[in-house]
Amino acid sequence: MFQTEQQIIEANIKTFCTANGIPLAALEWKPIPFSGEWGFSTSFFGTAAAEARLGKKVVVAQRAQEIAEQVKRQIDVPGLSHIEAVKGYLNLYFDTREYTRRVVDTVLEQKNCFGSGPATGQRVMIEFSQPNTHKAFHVGHLRGTILGDAICRILEFAGNDVVRANYPGDMGMHVIKWLWGYLKFHNGEEPATDITRWMGEVYAEAAHRIEENPDLEAELRSLYARWDQRDPEIVALWERTREWSLEGFRQMYAALDVHFDVYYFNSQEEKPGKEMVEELVRRGIATDERAQGGAVIVKIDEVLGLDKEQFRTAVVLRSDGTALYATEDLALALHKFRDYPDLAKSVYVVDVRQSLHFTQVFKILEIAGHAQAQKCSHVSYELVTLPGNVVISSREGTVVLLEDLLREATTRARAEAHKKNPSLTEAQLENVAKAVGLGALKYPILARENTKMVTFDWQTALDFNGQAAPYIQYAHVRCNSILRKAGGLPDVGRSTFDYELNPAEIQLIDMISRFPGEVQRAAAEYKPLAIASIAYDIAKTFAGFYDACPVMQAEPQVRAARLRLVAATRQTLANSLALLGITAPEVM
RNA sequence: GCCCCUGUAGCUCAACGGACAGAGCACCUGCCUUCUAAGCAGUAGGUUGUGGGUUCGAAUCCCGCCAGGGGCGCCA
């Protein structure tokens, strides 16, 4: 927001250093840790160290301070209140009123675009969620879905053209197991209300029976073969039951406020995948060991002539000729680029256990000469486990179903909302319960490094206090409440902060001004955590402001300025929550 | 054996190579005739797993070690 001033100052510093033979190191500007005023700074440690390396006898910290002091005397830029040289840092403080005005006016002008980046002209596909049909949809799947959705929202806001892709696993050993179990124990049954739950139960039962009696695996293999030959009876059953699952997913996504632009299905990639494998064999990249009872494999390290085990060996087709996920992922990767030839990036948001799989798939594509491979990347995330490091497993039955979690969260949120604010109408209660319940669910997942495990427990998931979505939503509600009581914003074109600002106000401005930078960082690193953090920081700072700075009862001029600040805060909170897929309610 | 991730306050987690490592929870002390107390202020809590190295400066980068988790030819 002060780029012009920064550039002038940078030029000043360079001129001075050149004139005095000082080997200026690269200048890096950072915000000054808050001390009651807003400003930004750069240090001269690097420059002093460079002098030392050139043989000059200096104590680096001392010399850095010396340079900072000299430079300080060279700078004369309007808009700055004062400049200081401290501990080797050059601190530039803005005219606080001017800065505040700029920030607030920018937010109010740009509204729901505040923080967004300029269009990059890049189309990016994000594949995420990937639920398996014929299985339960549980909290383990929640992370990939929530994370992928947030990444899409952030990348879009940062200026990219995002394609949201889903890739349900609608065929594979798990589906065969389900069909087997259905035919054997539930033939003719149809799901009633809880579709996904019922699908999950049928699967768990089948998996269990097969585990108890491994001899039954022969039946599975023969069923898989019937599918592979497209036995009409099996295909028809598969189509009907698959639709049950997909309907369940649609309901789940609607409840989560997540949508997709395109669906790919692994069943559709079987044939093209097999063809690709054939070609790999013809070209000598893949080795067909089926004659010896083996599978079709790609010895990647050997193909690349590597001594160390790095990419290892990938199985790309089962010994019986049926397709694996690897088979299908090879085809899908190219399929995406046929559908969207201008894709700049093709991103896969999938849990960390599949890291080697994607490394192998992308590497094989590269070896086969497909340039698209360079544009493919895997964004991995850690698992959601249950207390005691118990992995959530449909087979073990250690699942917390998403629908149960959602119901519990909204019920709790509703009760809480009613308790805190009995004046809410039924319709309002409904909205608040949905917004708060869902937000409480999403926030803890997004406010965590992708590489860190999340342990699910009901207490934490349903804790609405402290560093959580409801706290941020509440800050938004408070902003809204003030603005509602004030009857909107005063009719002025721009803000005038013509009074001595309270430190809490300045701190709030500081946080708001950081939002656009955090959007860029979150997008560049696929890191919703950056948004989750800044949203919380803004809410926290606003709470301090709310306590320290009366708005309604302030003198007219102060009141007008603060109302605009409150409006800017509300907007920024709403924008940041939107990036997390969390609703910002009007009342709570 | 090879590869990846994690290790920061009692617990759960932040911190883009920079100033005093910060929040929340839990604990303790205050604050609702004043814009919604889902809130605020304060107290307390740290050899950043460990040993080296790079750097003016390391929780952050590099190497070794320890501990936990995950992945390593026909699951997805």
Side-chain angles (χ1 to χ4, degrees), chain A residues 28 30 32-33 35 41 43-50 52-53 58-64 86-89 91 130 132 169 172-174 266 287 289 294-299 308-320 322 324-326 329 350-357 359 380 382-383 385 389 391 413 416-417 419-421 423 436 444 447-449 451-455 460 463-468 470-471 473-475 477-479 481-486 517 521 524-525 529-530 532-533 536-537 540 543-544 546-554 562 566 587-588:
Chain A
E28 280 178 25
K30 303 216 162 189
I32 302 170
S35 60
S41 70
S43 77
F44 292 94
F45 296 115
T47 302
R53 274 192 295 274
V58 295
V59 178
V60 170
Q62 245 172 50
R63 177 59 184 156
V86 181
K87 297 179 183 174
Y89 285 84
N91 291 340
Q130 305 105 340
N132 284 328
M173 196 52 89
H174 69 280
N266 70 321
T287 315
E289 296 184 339
V296 181
I297 58 176
V298 180
K299 298 176 182 170
K308 281 186 186 169
E309 297 177 71
Q310 191 181 347
F311 298 100
R312 301 185 175 263
T313 299
V315 176
V316 291
L317 200 66
R318 286 200 186 91
S319 51
D320 62 5
T322 55
L324 295 147
Y325 253 75
D329 263 326
V350 182
D351 81 61
V352 66
R353 292 174 301 186
Q354 255 107 99
S355 294
L356 179 60
H357 164 75
T359 306
S380 69
E382 260 295 352
L383 301 181
T385 60
N389 219 357
V391 175
E416 196 73 5
K419 199 171 82 191
K420 304 277 186 190
N421 189 351
S423 68
V436 171
R448 182 148 321 194
E449 203 80 59
T451 51
K452 288 204 174 150
M453 243 184 267
V454 171
T455 304
T460 311
D463 186 359
F464 297 158
N465 292 312
Q467 189 166 1
Y471 178 92
Q473 292 169 315
Y474 185 61
V477 164
R478 280 172 144 188
C479 289
S481 185
I482 293 174
L483 292 165
R484 194 178 54 240
K485 293 221 159 131
R521 191 178 152 214
E525 299 173 23
L529 166 64
S533 293
Y536 175 75
D537 287 341
K540 168 120 184 104
Y546 184 89
D547 200 59
C549 305
V551 178
M552 300 298 287
Q553 288 165 359
R562 284 183 177 164
V566 170
V587 291
M588 274 173 78

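To find a chain, count down the sequence lines: A is the first, B the second, and so on, and within it residues start at 1.
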Given that both distances must come in under 3.5 Å, which nucleotide forms a Watson-Crick or G-U wobble pair with [N]?
N: B:U29; value: B:A41
N: B:U50; value: B:G64
N: B:G57; value: none
N: B:G24; value: B:C11

Any N or O donor-acceptor pair under 3.5 Å from the base of [N] to the side chain of [X]?
X: A:R312; N: B:C2; answer: yes
X: A:E416; N: B:A38; answer: no
X: A:S41; N: B:A19; answer: yes
X: A:S355; N: B:C4; answer: no

Q) For B:C20, does the O4'-C1'-N9-C4 (purine) or O4'-C1'-N1-C2 (pyrimidine) torsion place it in syn, i.e. within 90° of 0, or in anti? A) anti
Q: With syn defined as a glycosidic angle within 90° of 0 and anti as everything else, classify B:G73.
A: syn
[X] has a side chain; which of [options] sits nearest to it?
X: A:T451; options: B:A41, B:C56, B:C5; result: B:C5
X: A:S481; options: B:C35, B:A76, B:C2; result: B:C35
X: A:Y471; options: B:C40, B:G70, B:A38; result: B:C40
X: A:R318; options: B:A76, B:C56, B:G71; result: B:A76
X: A:A295; options: B:U6, B:C74, B:C56; result: B:C74
X: A:L529; options: B:A14, B:C56, B:C35; result: B:A14
X: A:L324; options: B:A19, B:C5, B:C75; result: B:C75
X: A:D547; options: B:C35, B:C40, B:C72; result: B:C40

Q: Say whether, by atom type as modelled, one donor and one acceptor occur between the side chain of A:H357 and the main chain of A:D329 under 3.5 angstrom.
A: no
